[in-house]
Amino acid sequence: MPNGCDLLFLLQQKPGMVPPPPGEESQTVILPPGWQSYLSPQGRRYYVNTTTNETTWERPSSSPGIPASPGSHRSPLPPAVNGYHASGTPAHPPETAHMSVRKSTGDSQNLGSSSPSKKQSKENTITINCVTFPHPDTMPEQQLLKPTEWSYCDYFWADKKDPQGNGTVAGFELLLQKQLKGKQMQKEMSEFIRERIKIEEDYAKNLAKLSQNSLASQEEGSLGEAWAQVKKSLADEAEVHLKFSAKLHSEVEKPLMNFRENFKKDMKKCDHHIADLRKQLASRYASVEKARKALTERQRDLEMKTQQLEIKLSNKTEEDIKKARRKSTQAGDDLMRCVDLYNQAQSKWFEEMVTTTLELERLEVERVEMIRQHLCQYTQLRHETDMFNQSTVEPVDQLLRKVDPAKDRELWVREHKTGSIRPVDMEI
């Protein structure tokens with residue numbers, strides 16, 4: 001079973017940079033500097049200029065006048081993890097979505113002139129609180145990142161309605177609340193042990209004081225010797241209880257208090273980091289919606305001018321139509337750029353969510369195991385100190401042997417999970 005680091009490494013090995021199949025570009029062709037070649041999920045090859053973010057269906061050539069080779073059509077490929085290539089380039093531009101055409105071409109396979117893609121993408125994905133998920137009606141099956149383990153990284157992607165109000169609580173916030181609650185429980189356990197120590201200290205002092213009492217000190221003979229031994233045994237018992245209280249302080253109470261002293265501060269750092277990424281995601285989503293609206297307006301303007309020219313209700317020249325088309329194409333470029341930035345922000349949030357939730361999971365297991373060990377130490381000290389009361393701690397031992405962080409997590413996740421569907425890339 002991979003650990004947290006191995007799992008994140010596997011997640012980062014995102015498919016998408018597929019080499020040409022046999023028969024397609026079989027002869028090595030060197031692309032111009034800055035250009036990369038990828039396959040869409042439908043199997044169509046496209047090219048991305050990593051410097052200018054320009055994208056095209058046609059293979060760019062470093063030699064002027066050489067025609068670009070068209071991309072081939074193949075069966076659909078499986079999508080990349082979270083929709084990204086290893087380089088950060090979008091893994092699957094929709095076939096009808098915008099692909100920025102190089103300036104030398106006259107056709108326009110782009111968002112500026114293809115509105116049906118928006119309707120199609122709306123059927124494939126759904127955006128909730130600025131996070132894009134696969135649409136429930138068309139959702140492909142997603143495998144859990146850590147099957148059978150009820151891991152935090154699988155069940156807290158969606159937001160949950162706040163029972164205290166009308167707002168929502170992020171799934172990550174629920175995990176933080178659980179961690180902070182665990183820290184509070186640990187503190188209260190330490191306070192409980194402190195009270196136990198105080199009782200032991202008071203008991204030892206009272207025993208020592210009683211052993212010095214002069215009552216019946218005039219008893220003579222063998223009975224007097226036995227009585228003196230009884231009083232001496234009180235002093236010995238007092239010493240045992242004093243040692244017990246000292247060990248409780250050094251071996252149980254103090255470790256409970258000192259363990260993860262900076263826990264709350266560390267949790268705030270995690271909270272702020274994830275919250276900042278979520279805010280950035282929301283900002284990118286707002287930019288996408290703004291660009292989508294601008295594209296709709298440009299398309300409407302282009303359609304209106306084209307219709308006016310066809311029915312000769314306007315004296316607009318062909319150059320005016322070309323200008324409107326260029327604006328529509330530019331709006332498509334802007335939308336694709338905004339979607340790309342959104343997907344990058346969501347990919348960063350996704351990876352940080354996986355990393356941080358796995359770390360919270362590790363810390364929770366560590367906390368439970370640490371407390372279990374120190375409570376076992378408490379019962380061991382009890383056994384050593386008071387053999388006559390061994391039966392009173394046996395039930396505690398039995399329950400401590402049954403402590404199971406994984407089972408505890410399963411029960412808690414079952415009750416508090418917000419959603420197991422992970423985000424996917426937005427489609428245009």
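Keep in mind that what you see is a predicted model, and the values were worked out from it rather than measured.
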So, for [X] and [Y], which heavy atoms are closest and what is the spacing to 0.1 Å?
{"X": "Phe244", "Y": "Arg382", "result": "CZ-CD, 3.5 Å"}
{"X": "Ser250", "Y": "Pro255", "result": "O-CD, 3.5 Å"}
{"X": "Pro136", "Y": "Ile126", "result": "CD-CG2, 4.2 Å"}
{"X": "Leu242", "Y": "Ala204", "result": "CG-CB, 3.5 Å"}

Asp159 side chain to Asn129 backbone, donor-acceptor under 3.5 Å: no
Around atom [atom1] of [X], are there more than 12 heavy atoms from other residues, nucleotides or ligands closer than 6.0 Å?
{"X": "Lys183", "atom1": "NZ", "value": "yes"}
{"X": "Gln229", "atom1": "CD", "value": "yes"}
{"X": "Met370", "atom1": "CE", "value": "yes"}
{"X": "Lys160", "atom1": "NZ", "value": "yes"}

Using a strict 4.0 Å threshold on nitrogen-to-oxygen distance, state whether [X] and [Y] make a salt bridge.
{"X": "Glu369", "Y": "Arg372", "result": "yes"}
{"X": "Asp202", "Y": "Lys198", "result": "yes"}
{"X": "Glu289", "Y": "Arg292", "result": "yes"}

How about [X] and [Y]: does a side-chain donor come under 3.5 Å of a side-chain acceptor?
{"X": "Thr132", "Y": "Thr127", "answer": "yes"}
{"X": "His273", "Y": "Glu352", "answer": "yes"}
{"X": "Arg409", "Y": "Tyr152", "answer": "no"}
{"X": "Gln373", "Y": "Gln377", "answer": "no"}
{"X": "Gln184", "Y": "Glu188", "answer": "yes"}
{"X": "Gln344", "Y": "Asp340", "answer": "yes"}

Any side-chain heavy atom of [X] sitting closer than 4.5 Å to one from [Y]?
{"X": "Tyr378", "Y": "Arg196", "result": "yes"}
{"X": "Cys153", "Y": "Met353", "result": "no"}
{"X": "Arg284", "Y": "Cys338", "result": "no"}
{"X": "Leu144", "Y": "Asp154", "result": "yes"}
{"X": "Phe172", "Y": "Phe156", "result": "no"}
{"X": "Leu295", "Y": "Ser328", "result": "yes"}
{"X": "Ile371", "Y": "Gln186", "result": "yes"}
{"X": "Val252", "Y": "Lys247", "result": "no"}

Of Glu361, Glu173, Glu415, Glu364, the residue whose pairing with Lys178 passes salt bridge (Lys or Arg N to Asp or Glu O under 4.0 Å): Glu364
Trp157 ring center within less than 6.0 Å of Phe350 ring center: yes
What distance separates [X] [atom1] from [Y] [atom2], expressed to the nearest 0.5 Å?
{"X": "Arg298", "Y": "Leu335", "atom1": "CZ", "atom2": "CG", "answer": "13.5 Å"}
{"X": "Ser347", "Y": "Asp425", "atom1": "OG", "atom2": "CG", "answer": "7.5 Å"}
{"X": "His416", "Y": "Gln177", "atom1": "NE2", "atom2": "CD", "answer": "10.0 Å"}
{"X": "His272", "Y": "Ile274", "atom1": "NE2", "atom2": "CD1", "answer": "12.0 Å"}

Evaluation steps, side chain to side chain contact (heavy atoms under 4.5 Å, CB included), between Leu358 and Lys146: CA-CA 10 Å; Leu358 288 177; Lys146 298 182 72 176; 3.7 Å; yes
Full working for side chain to side chain contact (heavy atoms under 4.5 Å, CB included) between Thr138 and Thr125: CA-CA 8 Å; Thr138 59; Thr125 62; over 6 Å; no
ring-ring contact (aromatic ring centres under 6.0 Å, His included) contacts in which one or both residues fall within residues 183-238, not counting sequence neighbours: Tyr203-His241
Side chain to side chain contact (heavy atoms under 4.5 Å, CB included) assessment of Glu239 paired with Asp236: CA-CA 5 Å; Glu239 184 66 22; Asp236 294 340; 5.7 Å; no
